[in-house]
Asks: 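Here's a structure for you.
None of these values were measured; they are calculated from a predicted model.
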Amino acid sequence: MNIIGPDTLTFAVADMEQATTYLTDYGLVPVSGDVRRFEALDGSGIEIVAEDDSAYPNRLGTDNRLRCTTYGVADQAALDAVAAELEKDRAVTRLADGGIEVQDDLDFVLRFALTRRRAFDASMERSNVERAVNEMGFADDFVPVPRTLSHFALFVPDVEKVEAFYHRLGFRVTDRLGGGPFMRPAGTHEHHTLFLIKTPPHMKGMEHLAFHVSGPGEVMRAGDRFSKLGHDSFWGPGRHIMGSNWFWYFKSPLGCNVEYDADLDQVDDGWVARAMPFHPDNAQAFLFQQRENWVPGGPPPGVAATGGAH
């Protein structure tokens, strides 16, 4: 089944204006419509609704704010194949826009629709061996823009049940961390669009979501800018081992963490999945700590100046 990946994540929020500020500060572009939608360069994005919106009830039975995950598929044949598979054992609702809606085996609401992702023209971060002579690698006025919705992680009480559900839809396990699978659908070579983490039932919901930026420099630039706008860092910056992606996570009003990521591994069906224990040494190859700007000759980073020249 030619599922490409997540196109839209819908959240119910307590404060629409706070969430709007957060998502626009993050770099997503507001789009007019019946619900508030915020898009990356390729058209994938986030939608927010009021927490009491009856069109998006809380079916998870927890306080998680995720209400719906919409997967993009390549064409009508792929959409028909998904519907035919899921109709074998559950209700499939046909939507006015041509998509379908179902609940998975742990009550997550899923929609499948023809992908809304589009081609876009944007420069790529390049190293000095790729840049022309006299072409600079950094411009002080550059503002990184999220390019595409990359992946998300779910807290689930029954990893095996969710993994089996996605296997039915053609997802493959690429690696495992602490038994939790990283999974990718057939329509992408991205190392993963989904990561499952086993937790108690009361924690069920989304743990984090991530959008790609162009490279590690953009992760650093975007995260530094975002933190200076007043948003709290949660984890990073650093680089993962599973997937190799650079990351920087931030707390959010969406009820989950939101990540900038870049340089995720690409794998195909010949890739052999690895397995690592759930341990901090396996969660990142290295981890940085954000500090105040510093110049040589000044007080050591993190130490307040005491007056006088140094």
Side-chain angles (χ1 to χ4, degrees), residues 1 3-11 58-72 82 85-86 89-90 102-112 149-212 234-235 240-245 247 249 252 254-259 261 264-265 267 269 271-280 282-284:
M1 299 178 199
I3 298 171
I4 295 171
D7 270 9
T8 302
L9 300 173
T10 303
F11 296 88
N58 181 3
R59 302 189 186 279
L60 293 178
T62 68
D63 60 4
N64 197 264
R65 296 188 176 276
L66 177 67
R67 293 294 182 265
C68 180
T69 299
T70 301
Y71 282 97
V82 171
E85 174 60 32
L86 296 178
D89 61 359
R90 72 199 65 221
V102 301
Q103 285 183 234
D104 73 5
D105 293 336
L106 291 184
D107 299 321
F108 287 89
V109 176
L110 307 178
R111 291 180 178 177
F112 297 86
L149 180 55
S150 167
H151 64 270
F152 57 87
L154 297 179
F155 284 151
V156 295
D158 192 333
V159 167
E160 292 77 14
K161 182 176 285 189
V162 181
E163 181 180 333
F165 174 86
Y166 279 99
H167 271 306
R168 292 177 56 185
L169 300 178
F171 282 62
R172 289 175 174 263
V173 173
T174 53
D175 283 317
R176 293 184 187 274
L177 183 60
F182 295 89
M183 304 186 77
R184 69 171 184 88
T188 182
H189 285 145
E190 297 269 89
H191 176 269
H192 62 281
T193 64
L194 173 65
F195 177 44
L196 302 176
I197 305 169
K198 185 176 179 62
T199 59
H202 73 275
M203 296 178 65
K204 183 171 63 173
M206 183 161 290
E207 185 275 328
H208 81 268
L209 65 91
F211 282 83
H212 286 317
F234 175 74
W235 182 21
H240 287 306
I241 297 174
M242 297 292 198
S244 301
N245 45 316
F247 66 84
Y249 296 75
S252 89
L254 305 181
C256 66
N257 296 311
V258 174
E259 175 191 4
D261 103 308
L264 186 68
D265 288 333
V267 298
D269 291 349
W271 174 255
V272 178
R274 303 164 294 177
M276 292 185 177
F278 211 58
H279 187 276
N282 297 330
Q284 61 260 304

Asks: If I take atom CZ from residue Arg65 and atom CG from residue Asn58, how far apart are they, to the nearest 0.5 angstrom?
Replies: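 Rounded to the nearest 0.5 Å, the CZ-CG separation comes to 9.5 Å.
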Asks: Please identify each residue that fulfils side chain to side chain contact (heavy atoms under 4.5 Å, CB included) with Pro201, with sequence neighbours left out.
Replies: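 Pro157.
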Asks: Are a donor atom and an acceptor atom from the side chains of Asp7 and Thr70 found within less than 3.5 Å of each other?
Replies: no
Asks: Between Arg90 and Asp105, is there a salt bridge with N-O shorter than 4.0 Å?
Replies: yes
Asks: Looking at every heavy atom in both Leu254 and Phe11, which two are closest together, and how far apart are they?
Replies: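 Result for this residue pair: O-CD2, 3.4 Å.
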Asks: Are any side-chain N or O atoms of His167 and backbone N or O atoms of Phe171, one a donor and one an acceptor, separated by less than 3.5 Å?
Replies: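 Yes: the side chain of His167 pairs with the backbone of Phe171.
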Asks: Tell me the salt bridge (Lys or Arg N to Asp or Glu O under 4.0 Å) pairs involving residues 175-194, sequence neighbours left out?
Replies: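 Qualifying pairs, neighbours excluded: Glu163-Arg176, Asp175-Arg274, Arg184-Asp269.
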Asks: Under 30°, 30 to 60°, or over 60°: which ring-plane class applies to Phe247 and His240, parallel, tilted or perpendicular?
Replies: parallel
Asks: If you take the centroid of each ring, where Trp contributes its six-membered ring, are His208 and Phe152 closer together than 6.0 Å?
Replies: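 No, the ring centres sit 6.0 Å or more apart.
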Asks: Atom CZ of Phe182 and atom CG of Leu177: how far apart are they, to the nearest 0.5 Å?
Replies: 5.0 Å
Asks: Less than 4.0 Å between a side-chain N and a carboxylate O, is that true for Lys204 and Asp63?
Replies: no
Asks: Kindly compute the distance separating CG (Leu154) from CD1 (Ile197), expressed to the nearest 0.5 Å.
Replies: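 Going from CG on Leu154 over to CD1 on Ile197, the span is 8.5 Å.
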Asks: Rounded to the nearest 0.5 Å, what separates atom CG in Leu209 from atom OG in Ser150?
Replies: 9.5 Å
Asks: Only one of His191, His212, Glu259 passes side chain to side chain donor-acceptor pair (under 3.5 Å) with His151; say which it is.
Replies: Glu259
Asks: Which class fits the ring pair Trp235 and Tyr249: parallel under 30°, tilted 30 to 60°, perpendicular over 60°?
Replies: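 Geometry flag for Tyr249 against Trp235: parallel rings.
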Asks: Run the numbers on Leu169 and Phe112 for side-chain contact (heavy atoms from CB on, under 4.5 Å), then give the verdict.
Replies: CA-CA 11 Å; Leu169 300 178; Phe112 297 86; 3.8 Å; yes
